[in-house]
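Since the structure comes first, as structure tokens, the remarks are kept for the end.
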Amino acid sequence: QVQLVESGGGSVQAGGSLRLSCLASGATYSSRCMAWFRQTPGEEREGVAALDKSGGNTYYADSVKGRFTISQDNANNTVYLQMNSLKPEDTAIYYCAADSKGICYPALRVRTYNRWGQGTQVTVSS
């Protein structure tokens with residue numbers, strides 16, 4: 001199995017930046033797709049960005065295109081989410097996710113993933 005541990009969350013003012021990290025351990029070879037999701041109280045978990053490790057394709061929610069960048073460091077089994085120009089509406093708990101079926105479609109849907117981290121809080125103040 002794959003274990004995921006997020007880090008890098010925190011509080012920032014609007015317009016600021018944060019970088020989230022997701023360290024994967026265990027059977028990382030079984031994961032083709034890595035993604036970041038976010039969730040606020042009472043809302044469904046929303047796909048933010050995804051990365052197909054096999055081809056390097058990336059996918060983004062419309063709400064974060066041009067502001068967020070997902071990337072990977074294969075040597076360290078780490079996936080990053082660089083978040084720039086943060087807005088108060090980006091406030092949420094952010095989760096790292098991985099699949100174990102070798103399928104990366106649909107890339108931004110919860111059902112594609114079956115491995116989840118514990119989440120890290122991101123708070124953006126106006």
Salt bridge between Asp62 and Lys65, side-chain N to carboxylate O under 4.0 Å? yes
For Leu23, the rest of its hydrophobic cluster, which grows through side-chain links under 4.5 angstrom: none
Rounded to the nearest 0.5 angstrom, the CD-OG distance for Gln121 and Ser11 is 7.5 Å
Just list the side-chain donor-acceptor pairs under 3.5 Å for residues 99-108, sequence neighbours left out, or say none.
unit_1	atom_1	unit_2	atom_2	d
Asp99	OD1	Arg32	N	2.8
Asp99	OD1	Cys33	N	2.6
Asp99	OD2	Lys101	N	3.0
Asp99	OD2	Gly102	N	2.7
Asp99	OD2	Ile103	N	3.2
Ser100	OG	Asn114	OD1	3.2
Ser100	OG	Asn114	ND2	2.7

Name all residues meeting the salt bridge (charged side-chain N to carboxylate O under 4.0 Å, His left out) criterion together with Glu46; count only those two or more places apart in sequence or in a different chain, and write none if there are none. Arg38
Working to the nearest 0.5 Å, report the span between OG of Ser126 and CD of Glu89. 10.0 Å
Please check if the side chain of Arg67 supplies one atom and the backbone of Ser85 the other of a donor-acceptor pair under 3.5 Å. yes
Qualifying ring pair (Phe, Tyr, Trp, His ring centres under 6.0 Å) pairs with a residue from residues 6-27, counting only residues at least two apart or across chains: none
So, using side-chain contact (heavy atoms from CB on, under 4.5 Å) as the criterion, who are the partners of Gln39 when residues are at least two apart? Arg45, Tyr95
Give the other cluster members for Val12, using side-chain heavy-atom distances under 4.5 Å between Ile, Leu, Val, Met, Phe, Trp and Tyr residues; answer none if it is isolated. Val2, Leu4, Leu18, Leu20, Met34, Trp36, Val48, Leu51, Tyr60, Val64, Phe68, Ile70, Val79, Leu81, Met83, Leu86, Tyr94, Val122, Val124
I need the minimum non-hydrogen distance between Ser125 and Pro88, along with the two atoms involved. C-CG, 4.5 Å
Ignoring hydrogens and geometry, is there a side-chain-to-backbone donor-acceptor pair from Glu6 to Gln118 under 3.5 Å? yes
Hey, what do you get for OG1 (Thr69) to OH (Tyr80), rounding to the nearest 0.5 Å? 14.0 Å
Just by distance, do the side chain of Gln82 and the backbone of Arg19 share a donor-acceptor pair under 3.5 Å? no
State, to 0.1 Å, how close Ala50 and Tyr113 come at their nearest heavy-atom pair, and which atoms those are. CB-OH, 3.7 Å
